[in-house]
Amino acid sequence: MIELYHVSKEYGRFRHALTEVTCKVERGEFVFLTGPSGAGKTTLLKLLFREEAPTSGQIVVNGRNIWVLPGSQVPYFRRTIGVVFQDFRLIGRKTVFENIAFVQSVLGLPRAEQRRRAYQVLKRVGLHHQMNAYPQDLSGGEQQRVAIARAIVNEPALLLADEPTGNLDPVLSEEIMRLFGDINVRGTTVVVATHDLEMIRRMGKRVLTLERGRLREGAPPAPLIREAPFLPRG
Amino acid sequence: MAINARYLFGEAWSIARSGARQTILAVALIALGLYVPGLLVLLSGNLGRLATMGGEPPSVVATLEASADAQAVAARLAADPRVERVRVVTSPEALDRFRRSYPDLGAALAELKEAPFPPTVEVYVKPASSADSPKVAEEARRLPGVESADSEEGFDRRFQEAVRVLRGAGFFLGGLLTVAAILSVASAIRLALDLHRDEIEIMRLMGATEGAVRAPFWLYGAFEGLTGGALALGLLFATYAGVSRFLFLHPHPVLSIFWARFLDWRISSAMPAAGMAAGFLGSVLSLGRKAKVSV
């Protein structure tokens with residue numbers, strides 16, 4: 001599903017966000033991506049989504065080298081991926097329903113079908129009563145759940161989530177992870193970037209750790225966890 | 001991939017609402033940009049009709065007394081070696097010609113018992129002798145039965161020239177103001193783009209094609225222009241109707257005759273179309289530079 005070959009990303013001459021990252025995620029896998037702040041987790045997700053370009057290396061997603069993909073094909077590629085952004089990236093002037101149904105609305109899916117799908121997916125994140133609310137009227141946690149609902153509404157082949165439970169309480173975080181687990185069981189490949197090592201342990205899934213832009217298999221060692229200043233809640 | 005019309009119109013409306021003041025300003029500028037040249041075209045159109053109501057302009061027009069023998073006067077004038085041809089215009093012919101040129105006013109003259117126009121003899125001087133038109137007029141004045149005779153050539157040429165200048169000024173000013181209107185639409189779109197920059201980025205990340213991102217802005221620009229054009233046409237018609245009403249209440253010997261017809265349907269329909277084209281062009285120009293994909 002995802003293959004990275006010697007992928008590096010530099011911002012300017014001296015800031016190396018990722019260095020020689022090589023890894024493979026199989027179709028249908030559930031993978032946690034962890035590491036301290038600034039390790040390159042968000043950058044890696046951005047590369048997978050083609051939001052940013054690697055400085056060197058090759059990235060293959062779903063059998064396609066995404067950096068040789070023509071620009072006109074990028075939107076169609078992105079529609080096969082669901083993304084939960086760290087900063088939610090909801091459109092403030094659109095309602096929750098409109099945010100979730102955006103791509104379907106561009107594609108001309110009947111309004112009733114859009115509403116049905118949006119309602120179903122909002123019910124799964126416990127926000128079906130907020131269909132007509134605007135993002136700014138919701139709490140941070142609710143906005144995050146709307147972002148999750150938007151990412152999964154089209155049943156994507158790949159789900160990328162950047163700190164999807166960052167603003168949620170432990171109970172809700174557990175709920176969202178269960179939701180991701182359900183989506184994964186249905187065949188969607190899931191990559192979750194998170195600081196929450198406790199949750200990673202509980203889920204018992206494959207873990208990739210980024211440290212100063214370098215990737216290695218497995219959970220981070222205990223000292224790294226202890227030293228991390230942002231250490232996870234719970 | 002076709003873009004859903006509901007999405008397209010919904011987004012365009014949302015863009016218009018988000019920058020209401022800029023939208024109103026751009027519409028007003030387009031309306032002004034089309035109203036001013038429209039007014040000049042309306043003026044020149046009516047003046048031009050007045051200038052050409054008799055077809056090819058005669059060099060000299062001799063107005064006859066009611067009892068005069070028009071054919072005899074015409075024969076005398078035609079005998080002059082400088083004259084190419086003459087034409088007798090009887091009172092009923094003059095009235096008929098007026099009705100053809102001013103169908104809207106012709107009905108008002110139908111109730112008159114006597115023909116309001118005196119018989120005339122139109123004299124066409126040979127091109128080589130055109131400078132002698134005043135002399136021909138002077139000699140015509142001495143003929144029995146001739147009430148007055150005037151050389152029309154200089155006046156007619158100057159009049160036609162004035163109409164041409166007015167029309168040219170209309171088109172020039174129209175061109176200038178249309179460019180201003182295009183720039184104002186482009187500026188409104190740029191502002192709308194800045195207001196929507198974040199969400200355009202999100203839309204792209206969600207899988208919106210360039211067409212889906214740009215098309216609402218194109219539509220917004222085109223509608224802005226269409227509204228401006230329609231507004232200009234409406235204002236122009238209001239001006240025409242207002243002046244017509246004023247002239248009906250306060251008749252003027254010259255203005256009442258020439259201010260008789262609104263723009264024909266081709267020019268009328270061209271105004272909203274021109275506004276729409278200007279709006280669309282403005283949005284295309286603006287988006288061409290501003291909405292590039294960053295990756």
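Note on naming: letters A, B, ... go to the chains in the order of the sequence lines (proteins, then strands), and numbering restarts at 1 for each one. Everything quoted here is computed from the prediction, not taken from an experiment.
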Student: Using every non-hydrogen atom in the two residues, find where B/Ile202 and A/Leu90 come nearest and quote the distance to one decimal.
Tutor: CD1-O, 3.8 Å
Student: To the closest 0.5 Å, what do you measure between CD (B/Glu201) and CD (A/Glu51)?
Tutor: 6.5 Å
Student: When you look at B/Glu199 and A/Asn99, which way does the side-chain contact (heavy atoms from CB on, under 4.5 Å) test go after all the steps?
Tutor: CA-CA 10 Å; B/Glu199 63 187 68; A/Asn99 266 280; over 6 Å; no
Student: Contact between A/Val74 and B/Arg204 at the side-chain level, heavy atoms closer than 4.5 Å - yes or no?
Tutor: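 Contact flag for A/Val74/B/Arg204 side chains = no.
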Student: Has B/Phe172 got more than 12 heavy atoms of other residues, nucleotides or ligands less than 6.0 Å from its CZ?
Tutor: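 For B/Phe172, atom CZ is not crowded (no more than 12 foreign heavy atoms under 6.0 Å).
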Student: Ignoring hydrogens, what is the shortest heavy-atom contact between B/Met206 and A/Val103? Give both atom names and the distance.
Tutor: O-CG2, 3.0 Å
Student: Without swapping roles, check the side chain of B/Arg6 against the backbone of A/Ser105 for a donor-acceptor pair under 3.5 Å.
Tutor: no
Student: For atom CZ of A/Phe30, decide whether the heavy atoms of other residues, nucleotides or ligands shown that lie under 6.0 angstrom number more than 12.
Tutor: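 For A/Phe30, atom CZ is crowded (more than 12 foreign heavy atoms under 6.0 Å).
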Student: Check whether any side-chain heavy atom of A/Ile91 lies under 4.5 Å from a side-chain heavy atom of B/His196, and answer yes or no.
Tutor: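 They are not in side-chain contact.
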Student: Might you confirm whether atom CZ of A/Arg93 has over 12 heavy atoms from other residues, nucleotides or ligands at distances under 6.0 Å?
Tutor: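 Counting other residues, nucleotides and ligands, CZ of A/Arg93 exceeds 12 neighbours.
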Student: Give, for atom CG of B/Leu205 and atom NZ of A/Lys46, the distance between the pair rounded to the nearest 0.5 Å.
Tutor: 9.0 Å
Student: Let me know if A/Phe85 has heavy atoms under 4.5 Å from chain B in its side chain, its backbone, both or neither.
Tutor: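 Only the side chain of A/Phe85 comes within 4.5 Å of chain B.
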Student: For atom CZ of A/Arg116, is the number of surrounding heavy atoms from other residues, nucleotides or ligands below 6.0 Å larger than 12?
Tutor: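 Correct, the count exceeds 12.
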